[in-house]
Amino acid sequence: MDLLIVLQAGVATGTILLFATIGEIFAERSGVMNLGVEGMMLLGAMSAFSIAIRTGNPWLGLLVAMLAAGLISQIHAFIAITLQADQVVSGLSLNFLAVGLSLVLGEGLSKAGTITLIPSVTLPLLSQIPILGPVFFTNQKLIVYFGYLLIPLAWYYIYHTRPGLHLRAVGEFPAAADSLGVNVYRLRYFYVFVGGVLAGLAGATISLAISPGWFSELTTAGQGWIAIGLVIFAQWDPLRAAFGSYIFGALRRLVLDIQGPMMLFGFPNPFYYNPYWGFFLEMLPYAFTIIVLVIGSREAIRKRLGAPTALGIPYIRGERGL
Amino acid sequence: MAQPDATHPPENVVQMRKIVKRFPGVLANDHVDFELRRGEIHALLGENGAGKSTLMNILAGLYRPDSGSILVEGRPVNFATPRDAIRAGIGMIHQHFMLVPSQTVTENILLGLEEPRFRLQLARYDQRVAELGERFGMKVDPRARVWQLSVGEQQRVEILKMLYRGAEILIMDEPTAVLAPTEVEELFSILRAMTREGKSIIFISHKLHEVMAISDRITVLRRGRVTASNLNTHEVTRAELARLMVGREVIFSLDKKPVTPGEVVLKVEDLWAENDKGLPALRGVNLTVRQGEIVGLAGVAGNGQRELAEVITGLRKATRGRVFVSGEDITNRPVRQGIRRGVSHIPEDRTHVGSAPNLSVTDNVIMKNYNQPPISRGWILNAVAANGYAERLKKEYDIIVPTLQTPVRMLSGGNLQRVILAREISSQPTLMIAMQPTRGLDVGAIEGVHRLLLAQRENGAAILLISEELEELIDLSDRVVVIYEGKIMGEVSDGNVEEIGMMMTGIPQDAIRAGEADHDR
């Protein structure tokens, strides 16, 4: 087992989580929690695969996936922002809707034929750097490089631009933003859309690049929930989100690779000879997600971690002033 | 075409004429006229609910008047949003600051502006904000985050926000309500600096001494109508203004009988606790309150008062230290144990902590003794007994409601407070924790609450009164203790306002006394 290969594959797998997590960071920074990430990802994976197989063009598949997930996120936006309903309930409903829709539309898709995938690229100079080169810049899917670009862009946008300032203000103290003429509702719709688009991209990344194919709900296998946990773990910061995503991606790969028939420290590998040990390992990321979500749902702790103050609270303009 | 310059003298920057504004069931403004001259500080005086804020919210573009007209610089205007008003040079600074706590001063000022277009380049704008502050004598660090600032500094940020947008007319809604006495002085000197630069200021207040101290002219409102307009401040007396404001002679003194304090009821030793953000809010508080004694706790809002009240009543965990009530250690014990020991609590938040808004008056008054006979036997609630009990309290405490089944959210602030007081006092407390018991009430209701508290004192209850109204604290309390950033700064029993004020800004009593001694030498 070559550690560099595990890490290289981990970065690729982590890219899925990266897109979904950064997307959810945008939505939550604006004050809207969207628990439908898993469903939106699945919809993205299904539509990307379906379009790519029909047209032979994976890039068109990617585009449609982003649009489809972005559009379906607007149902949640309407319920949570305009109708001011509970965001947890609405997000969960969106998840069921999107998962159901994907399974129905994706029925029989796995037997549909051959597909062109997103190509892999090795960057000429950067791949020569020791350790970093083989891990990040050798034989990675093109879309993984897009992930590298997204991290600093998202970070710069949130902390160092005027729209980013408005995004943060709308999630922290919408009444203040509103009193200065910032359109709270429009911005929240927009960032829920951004969150949907990136979740769709995450889904397409699975079905067209990282683990190609359509395997019904096993395509995403709960990674949308891990992304929601990662948002809290990342304290709503894109840089930490990148760190967390790649670590999780690497662990996921390690769990797969460690179940091979080899020797571990001179002993026969127990994860191979006793499959239950392997199942236990595969469970760990989800157990982690549950723990993070439970911890993160306590308001006092959320405040300490620096959650947007208005997260989960519908904005209602006071009828007697602001 | 109208000729504004001929009919309106140019020194009137704002003219509001025959403004009418109705809210469901209330005529908030009844044909109100108001004018503001360039470079003056014009006080708008009136009790709570007199319609001052409504009138100014109309001028600031938050509400639209039902009828009437507004002229700014002689030109008729019609504001649909606060943004329109700001564009016309009118900025309002609300009682509750509209600042994003996690962002810096400059970020808060730039929020909502067209410039910068995309990249923030904060360093450049930090410079501009600092320059603007200097021009008006306001020291604020542009890079500081708002949550790190004192309330007075936050207010300055609000003022800067409006000045940065080119405001010529500033409306200040009760600006001193949240400030310590020394901060009030600073605010006043900032306001004077602004009028020297040609800005005009409307100062909304119900505090007579402040209005007398800062304003050039005064307009008085009562129940939505103007009772006196454009009075020159130096030509009126405080008593005249009080009469115009309240509509009757006001007696400024209370009937406080001498009571000899008895045994110690509340004893707090080295108490530490955290606030909701997990930061230390109480840092080693020591305090005692004896029978028949009112101890006032003075301090600027957010210095640990709420946390102290919550720890004593069992609503918040102490991280260190002890709370004794009548000798029994009740630190971190369930709320009910405190109640059994005779602790009663008049919380700051009447509508969510002090009462259950959707429950009836009866349900709200029996909340502390619903599990005792005669109201309940075993697990059966005796509705007849409960209603009888509520009926008796209603008479005794003069609660005005259509029926006892009315949900308490329909009650006015004063009536709701009487419901809470009825519940808390009828349990014959040995210790009362009263937090902001008169906030937002009108003069008549305040008098009633004060009388009830004094009666409890004569009955031998120990009372911890937490308030931001210094006058109230000094009038009612036997001793005033000052809290600052979770520490007790000292204690005053002779009503020395100056000393209390200095302690409220964080100067310990020892330091003040030592300074005075140096001075005398």
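Treat the numbers as computed from the prediction; the structure is a model and nothing was measured. Letters A, B, ... are given to chains in the order of the sequence lines, protein chains preceding strands, and every chain is numbered from 1.
Residues Ser179(A) and Pro82(B) come closest through the heavy atom pair O-CB, 4.1 Å. Taking each heavy atom of Phe97(B) and Phe173(A) in turn, the nearest pair found is O-CE1, 3.5 Å.
Of the two parts of Tyr159(A), only the backbone, made up of N, CA, C and O, holds a non-hydrogen atom closer than 4.5 Å to a non-hydrogen atom of chain B. The part of Leu99(B) that comes within reach of chain A is its backbone (N, CA, C, O), which places non-hydrogen atoms under 4.5 angstrom from that chain. For Gln103(B), the part lying under 4.5 angstrom from a heavy atom of chain A is the side chain only. Contact of Leu113(B) with chain A is made through the backbone alone, with heavy-atom distances under 4.5 Å. For a residue to count as touching a neighbouring chain, one of its non-hydrogen atoms must lie under 4.5 Å from one of that chain's; by this rule Glu274(B) touches chain A with the side chain only.
Counting non-hydrogen atoms of neighbouring residues, nucleotides and ligands closer than 6.0 angstrom, the CZ atom of Arg128(B) exceeds 12 such neighbours. More than 12 heavy atoms of other residues, nucleotides or ligands lie within 6.0 Å of OH in Tyr185(A), so this atom counts as buried by the packing criterion. Residue Arg22(B) places its CZ atom among 12 or fewer non-hydrogen atoms of other residues, nucleotides or ligands, all under 6.0 Å distant. Counting non-hydrogen atoms of neighbouring residues, nucleotides and ligands closer than 6.0 angstrom, the CZ atom of Phe243(A) reaches no more than 12 such neighbours. Open room surrounds CG on Leu125(A); 12 or fewer heavy atoms of other groups in view lie less than 6.0 Å from it. Within 6.0 Å of CZ in Phe137(A) there are more than 12 heavy atoms belonging to other residues, nucleotides or ligands. Counting heavy-atom neighbours within 6.0 Å of Arg186(A) CZ, excluding the residue itself, gives a total of 12 or less.
The main-chain N or O of Arg119(B) is never found under 3.5 Å from a side-chain atom of His160(A) such that the two would form a donor-acceptor pair. With hydrogens and angles ignored, the 3.5 Å screen pairs no side-chain donor or acceptor of Arg117(B) with any backbone N or O of Arg162(A).
When each of Met98(B), Arg165(B), Arg83(B) is tested with Leu180(A) by the rule side-chain contact (heavy atoms from CB on, under 4.5 Å), just one qualifies, namely Arg165(B).
If you tally non-hydrogen atom pairs under 4.5 Å between each of Ala176(A), Ala177(A), Pro308(A), Gly306(A) and chain B, the highest count goes to Ala176(A).
The CG atom of Leu165(A) sits 10.5 Å away from the OG1 atom of Thr106(B) when rounded to the nearest 0.5 Å.
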